[in-house]
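The structure appears below as structure tokens.
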There are 2 protein chains.
Amino acid sequence: MAEIPNTNREQAKVVDLASVQAACHGCSLRQLCLPMGVNQVDLHRLDEIVRRSRPMQRGKHVFRLGDQFHAIYAIRSGSVKTYTMTDAGSEQITGFHLPGELIGLDAIATGSHPCGAKALETATVCELPFLQLEELAVQVPSLQHQLLRLMSKEILSDGELLTLLGKKSAEERLAALIFSLSARFKERGFSPNEFRLSMSRNDIADYLGLAVETVSRLFTRFQQQGLIDVQNKQVTIRDHDRLKELAGSNAEDRAPQARA
Amino acid sequence: MAEIPNTNREQAKVVDLASVQAACHGCSLRQLCLPMGVNQVDLHRLDEIVRRSRPMQRGKHVFRLGDQFHAIYAIRSGSVKTYTMTDAGSEQITGFHLPGELIGLDAIATGSHPCGAKALETATVCELPFLQLEELAVQVPSLQHQLLRLMSKEILSDGELLTLLGKKSAEERLAALIFSLSARFKERGFSPNEFRLSMSRNDIADYLGLAVETVSRLFTRFQQQGLIDVQNKQVTIRDHDRLKELAGSNAEDRAPQARA
DNA sequence: CAAATCCATTGATCCAAATCAATGCAGCCC
DNA sequence: GGGCTGCATTGATTTGGATCAATGGATTTG
């Protein structure tokens, strides 16, 4: 509810773009990000329209709720949360985004950002001006394909989150989040078993549709049960299998019936 | 949980495609659907790849959970629900889809359908083979644009549903659903104030993340409060404004503070 | 380095919605 | 038309997680 105050400069221009080119062709994330499947030659054309931001401090916006839409952004380093506001003023976090993921895709339809995007830690992002990207995508089928694929992936992960919020217990929700983060860190070459949660407990609660207190209690419980080790924001996974099982379901242990 | 039994024929081929062409150029939904913004000439090329299904009976699948992905579908008439299964066997419904809306978009990323799609009443759908659609989209920028727009819209509405499930009370959720259906019926030229709910109470519960009993009680309560009239599946909106207010928020009436 | 501020944890209590239980009703099929 | 079957409503009871309340730690700032 209490907004972090912004400097005037940050107000005026939310993302501060570096003058250096982003250079997708040399980026370690190209197998996860938009460049996947795009050949060398076409990749240089993508490079021409991409601008990389300067490192953004924790709490700064990539874009704000309601901002006019002109570009989508790829996370290059760090992590970013996207969120909407309820009328009552509380945040619903729609995603925690890691390097290689695209944000701002939900703004294409309406022309303005229905959610805000804020750096959870120092982060850099790559700006992809949408008109230019669309233009390039009709010329580069592999780029169009990958853009559609990434949007599809977003719809897919939203669907999973829906099930999480609609059907799962608090315990399952937190286990699923930890499990998902673990898998995504692994994809990016980081340790899947030891990582730092860049978001606050409050953010986790606002993502999972729970109260902070509940999240806190669950961390304590998971630790007591030997599932994970928690030391502030540092998490170590102790029992990957049980965590996975918990994330998948905990209602089925009393009804493990066969699927038709 | 109990699956409607399927005939062998329906098992073998889920969607039964008519031999007639779909004819987007003559379709009354073209301003809502994929053809929006596509010119006459290109529209005929779209017509060539679209196949319209025969009317599908209530309960038949457009595609099943886990089916291999080869096409997306536009609802032409009737209504369709998309849903996933939790490991415990209960459905999380991810959307109720009306004519002009696309389904199957979440399958592009993985190549198989992460959710199933079932007709809620007699419905027809248009099949858009994805490879051909992609091929056409690189040749017809306006088609690419509209496809991206519709995918974005899907992400947007998923985000709204997330907020609904994560932050809103049972009352707000149901009000929001009724309000959303009303708005979408209006868009399609139907009465926004009097319509038939094609889905069961159970489906509504599985969409809103509630128990059936809660949904039923809310319908009764809304009727008592004079918000709506309910007669089985027939709904008449009596107080549009109060319904809208309730759908937007009901927590703010005790904290109507100004936004920063 | 101390004070201030923010964030996280823990405990006690409450409540909205789930669950359990029963009856009512509508649309079907013989 | 009468019984069947699945769907919907209503009531009683329980409970998971929210809310309220207080304290404990961790960053941050002057």
Side-chain angles (χ1 to χ4, degrees), chain A residues 1-5 57-59 86 88 90-92 120-122 164-175 196-224 228-235 246 250-251 254-255, chain B residues 1-5 57-59 86 88 90-92 120-122 164-175 196-224 228-235 246 250-251 254-255:
Chain A
M1 205 148 335
E3 191 75 337
I4 291 171
Q57 284 180 277
R58 185 174 121 76
T86 63
S90 73
E91 280 184 13
Q92 170 67 41
L120 287 165
E121 60 194 315
T122 305
L164 210 63
L165 297 190
K167 288 265 139 55
K168 305 289 186 85
S169 68
E171 198 178 43
E172 293 172 295
R173 293 184 205 188
L174 184 61
R196 205 184 139 274
L197 298 170
S198 58
M199 68 295 289
S200 70
R201 296 288 192 268
N202 229 302
D203 285 338
I204 293 176
D206 285 339
Y207 177 71
L208 298 176
L210 301 170
V212 211
E213 295 92 329
T214 304
V215 171
S216 184
R217 278 184 250 271
L218 285 170
F219 270 119
T220 308
R221 175 133 57 98
F222 282 1
Q223 176 143 13
Q224 284 166 352
I228 56 172
D229 248 28
V230 196
Q231 185 105 204
N232 304 321
K233 307 211 150 183
Q234 197 66 26
V235 170
L246 198 58
N250 73 0
R254 81 198 51 138
Chain B
M1 214 161 311
E3 191 76 333
I4 290 171
Q57 283 179 277
R58 185 172 121 76
T86 63
S90 73
E91 280 184 14
Q92 171 66 42
L120 287 165
E121 61 194 314
T122 304
L164 210 63
L165 297 191
K167 288 263 139 53
K168 305 289 187 84
S169 69
E171 197 178 43
E172 293 172 295
R173 293 184 204 186
L174 185 61
R196 208 185 137 271
L197 299 170
S198 58
M199 68 294 290
S200 70
R201 296 289 193 268
N202 229 304
D203 285 338
I204 293 176
D206 285 339
Y207 177 71
L208 298 176
L210 300 171
V212 210
E213 295 93 328
T214 305
V215 171
S216 183
R217 277 184 252 271
L218 284 170
F219 270 118
T220 308
R221 175 135 56 98
F222 282 1
Q223 176 145 15
Q224 284 165 353
I228 57 173
D229 246 27
V230 196
Q231 186 105 202
N232 304 320
K233 307 212 149 184
Q234 196 67 27
V235 170
L246 198 58
N250 72 2
R254 81 199 51 142

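The chains referred to below are lettered A, B, ... by the order of the sequence lines, with proteins before strands, and numbering in each begins at 1. Values below: all heavy atoms of this structure, side chains included; hydrogens, waters and symmetry mates excluded.
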_Quick check on dA18(C): is either OP1 or OP2 less than 4.0 Å from any side-chain nitrogen or oxygen of Thr214(B)?_
yes
Here the distance between atom P of dT9(C) and atom CZ of Phe222(A), to the nearest Å, is 13 Å
When rounded to whole Å, the NZ to P distance for the pair Lys168(A) and dA17(C) reads 21 Å
For Arg201(B) and Val215(B), the nearest pair of non-hydrogen atoms, with its separation, is CD-CG1, 4.1 Å
Rounded to whole Å, the CD-P distance (Gln231(B) to dA8(D)) equals 14 Å
Between CG of Asn232(B) and C1' of dG27(C) the distance, given in whole Å, is 10 Å
Per atom distances to the Ser169(B) side chain, the nearest of dA26(D), dA17(C), dT10(D) is dA17(C)
In whole angstroms, the gap separating C1' of dA26(C) from CG of Leu197(B) amounts to 16 Å
Q.
Side-chain N or O of Ser216(B) versus OP1/OP2 of dT9(D): is the shortest distance under 4.0 Å?
A. yes
Side chains of Glu213(A) and Ser216(A), donor plus acceptor under 3.5 Å:
no
Rounded to whole Å, CG of Leu218(B) lies from P of dT9(D) at a distance of 11 Å
Exercise. Is a salt bridge present between Lys167(B) and Glu91(A), judged by a nitrogen-to-oxygen distance below 4.0 Å?
Worked result: no
By nearest-nucleotide position on DNA chain D, the 5'-leaning member of Lys233(A) and Ala211(A) is Ala211(A)
OG of Ser169(A) to CG of Leu246(A), rounded to nearest 0.5 Å, is 7.0 Å
Notebook entry, point to check: How is Ala170(B) classified with respect to the nucleic acid when contacts are heavy atoms under 4.0 Å: base, sugar-phosphate, or nothing?
Noted result: sugar-phosphate
For Leu165(B) and Gln92(B) the tightest heavy-atom approach is CD1-NE2, 4.1 Å
Among the nucleotides dA8(C), dA26(D), dA18(C), whichever has the atom closest to the side chain of Arg201(A) is dA8(C)
- Considering just the side-chain nitrogens and oxygens of Arg217(A), establish if one lies under 4.0 Å of OP1 or OP2 belonging to dT9(C). no
Rounded to whole Å, the CG-C1' distance (Leu174(A) to dG16(D)) equals 15 Å
Margin query: Check the phosphate of dT10(C) against Thr220(A), side-chain N and O only, distance under 4.0 Å to OP1 or OP2. Yes or no?
Written below: yes
In whole angstroms, the gap separating P of dT10(D) from CD of Glu213(B) amounts to 12 Å
